[in-house]
2 protein chains.
Amino acid sequence: MIKICIAEDQQLLRGALISIMELEEDLHIVGEAADGAEAWTLIEKEKPDVCILDIEMPHLSGLEVAAKIRNHNFPCKIMIMTTFARAGYLQEAMDLHIDAYVLKDEPIQYVIGAVRKIMQGERVISQDLAATLFMNEKNPLNEREINVLKLVKDGYTTNEISKKLFLTKGTIRNYLSLSIQKLEVETRQQAVQKAVEKGWI
Amino acid sequence: MIKICIAEDQQLLRGALISIMELEEDLHIVGEAADGAEAWTLIEKEKPDVCILDIEMPHLSGLEVAAKIRNHNFPCKIMIMTTFARAGYLQEAMDLHIDAYVLKDEPIQYVIGAVRKIMQGERVISQDLAATLFMNEKNPLNEREINVLKLVKDGYTTNEISKKLFLTKGTIRNYLSLSIQKLEVETRQQAVQKAVEKGWI
DNA sequence: TAATAAAAATGACAGGTGTCATTAGTATTT
DNA sequence: AAATACTAATGACACCTGTCATTTTTATTA
């Protein structure tokens, strides 16, 4: 009997998956969570064999939960289940030695099959993602550029960012100018768009 | 036996919902679609009693499919099932006399219950949305402002927009300036954000 | 026909944005 | 000690943005 925890913020999908997995004789859902923080508490308590994590959740992302699981050396298998085929996410997942990375565009039987496979030590990655992984563009931005770009994403202006980071506004503009060049776009907004799309910030 | 068509672009959710609904004795899924265009073909062919439509799908949105159903005077009940509690979407749905407007954050049993209720002529709206409906801010933007703001959303610059619409760039700036004032924000990007969030563009 | 409203354009202003060349301080390496 | 690279700052330039007052043109209405 495989003990599973599932973390997914959309109740409709979470509930549906649970109902269907419970119909399989060898699977048992030992807990469900609607956000990352809840998921971590649950996993600590239930010690599941497999946990299925959505990436984009409130409080803690699925990748952050995965990092915690690995840091605590839990023997738990990890499946990331997400809508987004973003290279950055996938790269991060690989670095964390995630066991399965599955897109929400797969059939349920694929997900169930993947659970069984990873329990046997296999690794599962959705077909559409394999290509993404090979292309493997890596994040051209350094830490400072990432920080500044994140603040732009959150709607802050050059001046506000300069105050927040204790730098002059000229420096902020320089960082953004560099980011724009590295990402081969023309405005800070396009830079944010591209960086988000690639999973780089 | 209630005949149901379901249109939802995420296969995992679509498949899960179908499996679970098929377990109910009085429900029967007569067709599934992964985008709006497919959904419309299906509905014309199957003449279901109820169709469940996601809003954000490729080709045709759920609301556009709903409009087609109403224009052709099909006797089909319509349930909109979406992630987003956006006032503009809800308003449009109400104008189309949609029978149910359900958030993806509800339990499955709520959705199944809603199907039965609308078959008996009731109307179902997710609790969280009732408030949104009463607040009922309406879109302060006129047609031209909406068009310009949509182009900004798609990443076009002032100059590109002026060429596309055969207006001078000064005029585009004036329209954007007005939009910014009407939406009570400070930049064009914030204007786009707010308008999207409210379902106004 | 005259009055009114709207859509579109213009010009001017302050301030924001992106680029670039240059400088300076500070580690790190060789 | 010299070379290298990174981080931060500065000033200058052209261009973009948001605002405002004003004008022209074109429909609509009285």
Side-chain angles (χ1 to χ4, degrees), chain A residues 87-88 91-92 95 136-201, chain B residues 88 91-92 95 137-201:
Chain A
Q91 191 53 60
E92 203 174 323
D95 295 345
N136 196 17
E137 290 177 83
K138 64 167 176 267
N139 192 342
L141 306 174
N142 63 34
E143 214 175 315
R144 272 145 296 280
E145 289 158 358
I146 291 173
N147 285 333
V148 171
L149 212 49
K150 274 183 181 168
L151 290 171
V152 173
K153 191 192 83 179
D154 295 343
Y156 293 101
T157 64
T158 305
N159 258 307
E160 290 168 333
I161 295 171
S162 74
K163 276 168 200 157
K164 251 178 206 291
L165 302 183
F166 304 104
L167 299 172
T168 65
K169 68 182 183 180
T171 306
I172 301 300
R173 288 205 278 156
N174 286 339
Y175 286 159
L176 279 171
S177 182
L178 280 171
S179 301
I180 288 167
Q181 285 172 275
K182 286 182 178 179
L183 297 176
E184 297 173 303
V185 293
E186 295 196 317
T187 68
R188 52 182 73 194
Q189 263 73 24
Q190 286 170 21
V192 167
Q193 225 178 303
K194 180 152 185 181
V196 167
E197 185 188 298
K198 296 281 187 181
W200 286 338
I201 63 172
Chain B
Q91 190 55 58
E92 203 174 323
D95 295 346
E137 290 178 83
K138 66 166 174 271
N139 192 342
L141 306 174
N142 64 35
E143 216 174 314
R144 271 146 296 278
E145 289 157 0
I146 290 173
N147 284 334
V148 171
L149 211 49
K150 273 183 181 167
L151 290 172
V152 172
K153 191 192 83 179
D154 295 342
Y156 293 101
T157 64
T158 305
N159 259 307
E160 291 168 332
I161 295 171
S162 75
K163 276 170 201 155
K164 250 177 206 290
L165 302 183
F166 305 104
L167 299 172
T168 64
K169 67 181 183 179
T171 307
I172 302 299
R173 289 204 279 153
N174 286 339
Y175 285 158
L176 280 170
S177 181
L178 281 171
S179 301
I180 288 167
Q181 285 173 277
K182 285 182 178 179
L183 297 176
E184 297 174 302
V185 294
E186 295 196 317
T187 68
R188 53 181 73 195
Q189 263 74 22
Q190 286 170 21
V192 167
Q193 225 179 306
K194 181 153 184 179
V196 167
E197 186 187 296
K198 295 282 186 180
W200 286 337
I201 62 172

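A note on names: the letters A, B, ... follow the listed sequences, proteins ahead of strands, and every chain is numbered from 1.
With D:dT19, D:dA12, C:dG16 as the choices, the nucleotide that has an atom nearest any side-chain atom of B:Q181 turns out to be D:dT19. Checking D:dC16, D:dA8, D:dT19 against every side-chain atom of B:I180, the shortest atom distance belongs to D:dT19. Nearest to the side-chain atoms of A:T168 among the listed nucleotides C:dG16, D:dA9, D:dA8 stands D:dA9. Minimum atom distance to the side chain of A:K169 is reached by C:dG16, of the listed C:dT19, D:dT17, C:dG16. Nearest nucleotide to the side chain of A:T187, out of C:dG18, D:dT10, D:dG18: C:dG18. You'll find that the side chain of B:N174 is closest to D:dT19, out of D:dT10, C:dG16, D:dT19.
Heavy atoms of A:T157 sit nowhere under 4.0 angstrom from any nucleic acid atom.
One finds no side-chain N or O of B:R173 lying less than 4.0 angstrom from the OP1 or OP2 phosphate oxygen of D:dC16.
Rounded to an integer number of Å, the gap from B:L178 CG to C:dA7 P is 10 Å. Taking atom CD of A:E184 as the reference point, atom P of C:dG18 lies 17 Å away to the nearest angstrom. One interatomic measurement links the two molecules: OH of A:Y175 to C1' of C:dT17, which rounds to 18 Å at whole-angstrom precision. The distance from atom CD of A:E145 to atom C1' of D:dT7 is 11 Å, rounded to the nearest whole Å.
Atom NZ of B:K169 is surrounded by 12 or fewer heavy atoms from other residues, nucleotides or ligands within 6.0 Å.
No hydrogens or angles were tested; on distance alone, nothing pairs the side chain of A:N142 with the base of D:dC6 as donor and acceptor under 3.5 Å.
Taking the side chain as every heavy atom from C-beta outward, A:I180 and A:T187 never approach each other to under 4.5 Å.
Looking at A:S162, its side chain does come within 3.5 Å of a backbone N or O of A:N159 through a donor-acceptor pair.
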